[in-house]
Structures are given as C-alpha cells and as structure tokens.
*Asks:* 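This structure is in structure tokens; I'll ask about it shortly.
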Amino acid sequence: MTVEPTEPASPAPSDFIRDIVAQHVAEKRYPKIVTRFPPEPNGYLHLGHAKAICIDFGIARENGGHCNLRMDDTNPAKEEVEYVESIIADVKWLIAGWADHCLGFKPRGATPAAGVVNGQPDFHLPPAPVGTPDAQVEPFFASHYFDQLHGYAVRLIELGKAYVCDLSPEETETYRGAPDRPGRNSPFRDRSVAENLDLFARMKAGEFPDGARSLRAKIDMAAPNMWLRDPLLYRIRHTPHHQTGDKWCIYPLYDYAHCLSDYLEGVSHSLCSLEFTDHRPLYDWVLESLLLPRPLPRQYEFSKLIPTYMVVSKRKLIHLINQGIVQDWDDPRMPTISGNRRRGVPASAIRKFAIGAGVTKFKSVTEIEVFEHAIRDELNTLAVRRLAVLDPIKLVLTNLAPGETLECAAVNNPQDEHPTTRPVQLAREVFIERDDFAEVPPPKYFRLKPGGEVRLKYACIIKCDEVIKDPAGRITEIRCTADLSTRAGGPNVDRKVKGTIHWVSASAGIDAEVRLYDRLFSVPEPDADGQFLKNVNPRSLEVVRAKLEPSLATAKTGEHFQFERLGYFVVDAKDSAPGRLVFNRTISLKDTWAKAPGTK
RNA sequence: UGCCUGAUGGUGUAAUGGUAGCACAGGCGACUUUGACUCGCCUAGUCGUGGUUCGAAUCCACGUCGGGCAGCCA
C-alpha cells in the first residue's frame, strides 16, 4: 500500500468495498485498480461529491491505481462549460498533496483507440502518464465516446438486443406498467434488424423530431426491476452539445453510456451511491450483451454523505442562488467545494470529514459538528495566531505616556514544535472586545470588570479603575492601570489572574471588513418538510468593521489565521484588496463559556 | 399487493462465531498568558421473537420498521 507522506497519521480505512477490492487484487482479476469520479457538469461540486471523491481516489491510491475524472455529459440541455471548469478546479484542489498522483486525465482530444483483444475488435482509452503537462491533458468526457457508443448500439441491434421504438414519451410510460404491475411489449418491439438499423441511422441523420423515436434495449417488459423493462438507450435531442457541437442529434442515456464509458477507460470498480443499485442489472446487461473481450467493470454502491444544517441537491442550491439568499455557487455559506474553499476550510479538513464518515449502505445523516470538529482540528495546526478585535471599545492605560510603546513577543502558533514569535506594540490606547468588559458581570465572569484585573495577552496585567460613558449611558472608554512588573521578563510575570483578553493598539491597528459566517440553516434537517427556504438562518452572515494587528496588512489569500479567542479567518479571495482588506470567518473557536447559564 | 436494500449509544462507524470498541455530541474535573488546545473521568447501544452453538451484533427462520425504484435526468 502507498501511504502519502503528507498524511502519515491517517489509518488505512477498511470497509466492505475495500474488502472486495482487496480480494480482486489478491486474485489479480484486473491488470490495475481503476476507479472513476463521474460528475455531470450541471452544477458545482459539494460535500456529497467530496465523499465520492475520497472513496474513488482513496481506493485508487491505496492500490497503486488511478482514478479518472470523467464528465458524465450525455444531456446537453443541462450542462455547461463553466461547470466543467469548476469541477476540474475543485477536484484538483481537494486531492492536492493527497492523491494528485492518482488523478487520471487523458491526452487532450484523445478518443478510444481501436484494437484487437483476444481476437476481437475492441476500444480502449487509458489515461495520459502522470506528470504530463496540464496543457496536454484534459478530463475524460463521456461525450468523447459518442462514436464508439453509437457503434456498440449498432452491434446491439445486430444482435437483436435493441430496437427502435416509435412510442411517444407518454405512451412509453404507460406501456412500462408499475412496480407491482408488469408492462406491455411495445408494438415496435419485433421489428427486423434491417428495419431497426435503417431507422436508427435516420434518427442519427436528423430525420425525426425530438421524442418521435427512441432506441430501446430488448430485455423484459415484465421484469420486477423497472429498469429492465426495455429501457431507453438513445433519445433524439436536436440540441448542440458543449463538447461535440452540432455533430449529434441523438444522445445516449446514462445507463447505456456509463457502463460503456467505464469499460472504454478500463475502469475496474465503478463506485456510486445507493440510488443506482436498481440500475446495476442493466449496467451488467449492456456490458454482457456486447460480448466484450476485456474484464468487465463492476458497480458497487454506498450511501451518500448528508450533513445536517445543509441542503446539497443541485436543484436546491440553484434555488438559493436564484432567490438571492446566497451570492453564488462559491458563497462561503454554500456546501460546495468552492464555497468551503472561499470560506477558508482546508481541503484536508473536508477529506478528514468525508473519510471519517465511513462507507456503508445505511442511509444516514452526519452531524455537522463532526465537520466543524475536523475543520477546527486541521486549522488548529495550520493557522498562525493573530490579534484582532471585532467589536472594539477603547481602553486607556493611564500610567503609560502618550506615544510610548512597549514591545511584546506574541507567539505565532503554540502548536508548533518550535514556536516562533513576532513583536506587537502595546500602547497607552488599545482596543479590546466589547464583550470582554462587563459593568455588571454575570457569575464566573473571568474578564474585565470595574475594579477587576485581567491580563492583556502577551503584555501585562491591567486593573480597571474607571468607566467613562456618554450621555446616553453607553460606555465609551475604560481606564486602567498597567502592572508592568507582570510583563515577560518582569519580576511578577507569573502572577495569575483568571482572565486573559486580546487587544489591538489603537494607533497602529488597521481596519478591515470581517464577514462572520454561520450555518446557512437554523435547523438540522432544513428540507425535512420540503420547505428549506423557510429554515434559512437569518444571521448566517454578519459584517463588522474590525481592528487588526498591523502584521495582518500583508495577509495573503489562502493563508489561515486564528484571531485569538475568536476563531479562524481567511482573506476573502474575491473581494479583498490591499488597503481594503476583507476577511471571512471560517469557523469560531469552541466556546464553552457561551454555553454557561446566565451568559448572553 | 412487486423488486432492490438496510437496521449497533443522541449521531456516525468498528467488531467478519470468542471481552461490544472508536469518533463527534453531552456531563464533570485538571491544566491554561486563547473560557481554545490538551489530558482524565462519566453518561449512553446490538430492532423484535424463536432457532443453531460451549458461545451469536455476527449464522438460520419469521416478523417489525426505514430507505430507494414507475425521467426520453444523472
């Protein structure tokens, strides 16, 4: 087994699919373990896809195989190039440093090559070698196999296993019967091979309008499995395709295209979610009917990842965008990969969450707390600490002279094996968090109160002498005395006080917009009643003007910060600019105080 | 009254005939220049009834309950 050095601690997962793969490896059933991740480019990838990606790529990397990224683009009416591009970017980002060496891309423009295997004609399209320059490769596309797929359809007709049907969509539905009632044979079921060939050629030539005819598999209209009741293989759609342009007006359906795409690419294990279980007999029927010479891929199903407090169906996500509830697919509140990236969630946290959810066939919901824990856990290691005040209130140290500054050493990340420090300047006037002062403190309040003491983090202990208010009674200034003997290196540095609070120099601190994101929905299962829009959290975004320590002026996109005692933050990749900084809160720190009775 | 599929603490998941474990959540405590992190302790589970067996979460039977399937979507 190959273990990626970037994640040495992750134990090798074990589950029913990996057990099957291990057995196939042991019996050398396939020349190589090949999986595939086959999204339809009709929306952005989300956390549900992340689980599939982790399984598909995970199993490939554990077995020295690869995983093909394939666009399942057989329905031109719903698909767009924008989605193709976002999918590529999101997959690359999610697997970077973990399984990028297993990412299967094909040579740009390549289509399955004809060959002969075991004396039989065959087509095969392996991936380009790892490390081929980006400009020379591209994902796999089902649409790049349309010629081969068409050829296989002709063969099916010749074998008497497919026929052209003239029934309308409505009639087809009626003829299909119901789950507990057998269907009826189409009156066109027994056409001759010659007539089917002719009609199929004319379908391809564009002689018939959309829906006028279809190509159907000849299986069994009385099958208890609905998907075996002569399912459609091809439908007529006079619609241009984002990859093939105007070349085709007949397009294959998923059940026909998917299994053959797997075969053409040499996929060994085709892993998908539970709703395709009923389709598996059809997947096998198509491949077995064609008498193909190479080992056939097999499909295995697992349950989807459904986190609480989210909706993940593309339809619902599009609705959130169209209703203006979120800005776009990459809004930091979206469960999309790109939304999570923009929010500051590291790819490693998404992987940890997705892998930790496990692989079973039990339909489950995973509590969002598991995801949040994974995010905090990763960020605790990755993020450098900085001081920032989100809701500033002025605090004056009356025993410091105006203009006087005292340099303090602030730790960058206490989790590092050898933590480094940076200087921060304590001044007579600083900002502290409004929450960190209480004129009438609740029980067990450790922070600043009249006559009380706290430590200013990395600086010294201060004592509150006076509270200044405006005529309306609102606190405008807190006046304190600093005990300089408690600074680092001072004689009383070890003096303990219960509370430590963060601060930013009033004169040196910089301004920034900070976007405080929270869960998009306020209930665990937003769409339980089909009314997810009603369950949107009205406070999923709060924008504040914050004061930051000066070193943050050069913060770069992609850097993770912990604003001490507050949470984890990143520079917003879209709206931030030098001098006009915008930070996104990825997630708050755990706050056991907030849960204490009598607070907030 | 069809077919497929499943059921282990609140949630997710392990144990593949031999001590029901782990994680998250929750509770209590320790530590703390982050009420964070970390550490310790605690709460809490095999859907039911039979059967096989020295021994069953695991194998068998019958139930119960849940999820999926009738797109020319994927």
Side-chain angles (χ1 to χ4, degrees), chain A residues 14-16 19 38-40 42 72-75 77-79 165 167-169 172-174 176-183 210-216 223-229 231-237 251 253-255 257-258 272 274-281 301 303 305 308 314 356-374 376-377 380-381 385 387 410-411 414-415 444-447 454-461 486 488 493-494 496-502 524 562-567 588-596 599:
Chain A
S14 165
D15 54 67
F16 76 99
D19 290 346
E40 182 187 16
N42 67 344
D72 217 344
D73 56 348
T74 56
N75 186 1
K78 290 189 174 179
E79 297 151 9
C165 180
L167 252 25
S168 71
T172 305
E173 191 185 332
T174 307
R176 187 152 36 224
D180 55 351
R181 175 166 42 85
D210 289 3
R213 290 182 219 261
S214 62
L215 184 73
R216 293 231 252 165
N225 182 337
M226 296 296 289
W227 292 103
L228 261 19
R229 320 249 261 226
L232 271 76
L233 269 21
Y234 271 89
R235 80 287 225 185
I236 300 172
R237 285 285 175 278
Y251 291 98
L253 278 107
Y254 167 84
D255 287 297
H258 196 87
C272 61
L274 249 28
E275 70 264 33
F276 294 101
T277 306
D278 290 324
H279 298 238
R280 189 175 59 228
E301 311 87 14
S303 68
L305 175 61
T308 57
K314 285 174 190 166
V359 182
T360 64
K361 293 171 97 81
F362 177 60
K363 193 198 165 173
S364 58
V365 290
T366 303
E367 291 178 335
I368 197 172
E369 287 85 351
V370 183
F371 185 40
E372 295 178 338
H373 178 264
R376 291 189 178 108
D377 200 34
N380 183 41
T381 307
R385 273 59 172 171
L387 297 176
V411 177
Q415 304 290 322
K444 291 207 176 167
Y445 189 78
F446 298 163
R447 287 113 95 150
V454 291
R455 179 176 282 277
L456 291 182
K457 179 103 183 175
Y458 302 126
C460 60
I461 292 172
T486 59
V493 62
D494 291 329
K496 304 294 181 197
V497 285
K498 204 68 178 151
T500 299
I501 63 174
H502 57 277
Q562 184 197 100
F563 291 175
E564 294 216 39
R565 301 208 309 129
L566 295 172
S588 66
L589 249 31
K590 235 171 93 177
D591 187 359
T592 47
W593 168 243
K595 284 192 297 192
T599 60

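Order of the sequence lines sets the chain letters (A, B, ...), proteins ahead of strands, with each chain counted from 1. Keep in mind that the numbers below use all heavy atoms, side chains included, and drop hydrogens, waters and symmetry copies.
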*Asks:* Suppose we screen for salt bridge (Lys or Arg N to Asp or Glu O under 4.0 Å). Which residues come up paired with E173(A), at least two apart in sequence or across chains?
*Replies:*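 For E173(A), no residue satisfies salt bridge (Lys or Arg N to Asp or Glu O under 4.0 Å) once neighbours in sequence are set aside.
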*Asks:* The criterion is side chain to side chain donor-acceptor pair (under 3.5 Å); which residues satisfy it with T174(A), sequence neighbours excluded?
*Replies:*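 None.
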*Asks:* Would G71(B) be called syn or anti, given that syn covers angles within 90° of 0?
*Replies:*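 That one's syn.
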*Asks:* Using ring-ring contact (aromatic ring centres under 6.0 Å, His included) as the criterion, list what pairs up with Y254(A), not counting sequence neighbours.
*Replies:*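 Once residues adjacent in sequence are excluded, the partners of Y254(A) under the ring-ring contact (aromatic ring centres under 6.0 Å, His included) criterion are H258(A), F276(A).
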*Asks:* Partners of L253(A) by side chain to side chain contact (heavy atoms under 4.5 Å, CB included), sequence neighbours excluded?
*Replies:*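 If we apply the side chain to side chain contact (heavy atoms under 4.5 Å, CB included) test to L253(A), skipping adjacent residues, the hits are L232(A), R235(A).
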*Asks:* Given Watson-Crick or G-U pairs with both distances under 3.5 Å, what dot-bracket string fits RNA chain B, with | for other-strand pairs and [ ] for crossing?
*Replies:* .((((((..((((....[..)))).(((((.......)))))....(((((..]....))))))))))).....
*Asks:* Using the ring-ring contact (aromatic ring centres under 6.0 Å, His included) criterion, which residues pair with Y458(A)? Sequence neighbours excluded.
*Replies:*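 Counting only residues at least two positions away or on another chain, Y458(A) forms no ring-ring contact (aromatic ring centres under 6.0 Å, His included).
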*Asks:* My understanding is that only residues two or more places apart in sequence, or in another chain, count here; which of them pass salt bridge (Lys or Arg N to Asp or Glu O under 4.0 Å) with R280(A)?
*Replies:*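 For R280(A) the salt bridge (Lys or Arg N to Asp or Glu O under 4.0 Å) partners, ignoring immediate neighbours, are E301(A).
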*Asks:* Taking salt bridge (Lys or Arg N to Asp or Glu O under 4.0 Å) as the definition, give me every residue that meets it alongside E79(A), ordered by chain and number, with sequence neighbours left out.
*Replies:*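 Not a single residue meets the salt bridge (Lys or Arg N to Asp or Glu O under 4.0 Å) criterion with E79(A).
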*Asks:* Might you list the N or O atoms of the protein lying below 3.5 Å from N or O atoms in nucleotides 1-8 of chain B, with each pair's distance?
*Replies:*
unit_1, atom_1, unit_2, atom_2, d
G2(B), N3, P179(A), O, 3.2

*Asks:* If the cut-off is 4.0 Å, is R237(A) near the phosphate of G71(B), judged by side-chain N/O to OP1 or OP2?
*Replies:*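 No, outside the criterion.
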*Asks:* Quick one: what's the B/S/- string for nucleotides 30-41 of chain B, heavy-atom cutoff under 4.0 Å, read 5' to 3'?
*Replies:* ---BBBSS----
*Asks:* Apply salt bridge (Lys or Arg N to Asp or Glu O under 4.0 Å) to D377(A) and list each qualifying residue two or more places apart in sequence or on a separate chain.
*Replies:*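 Partners of D377(A) under the salt bridge (Lys or Arg N to Asp or Glu O under 4.0 Å) test: K352(A).
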*Asks:* Once side chain to side chain contact (heavy atoms under 4.5 Å, CB included) is applied, do any residues pair with V454(A), and if so which ones, sequence neighbours excluded?
*Replies:*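 Checked V454(A) against side chain to side chain contact (heavy atoms under 4.5 Å, CB included); matches are L448(A), I462(A), I501(A).
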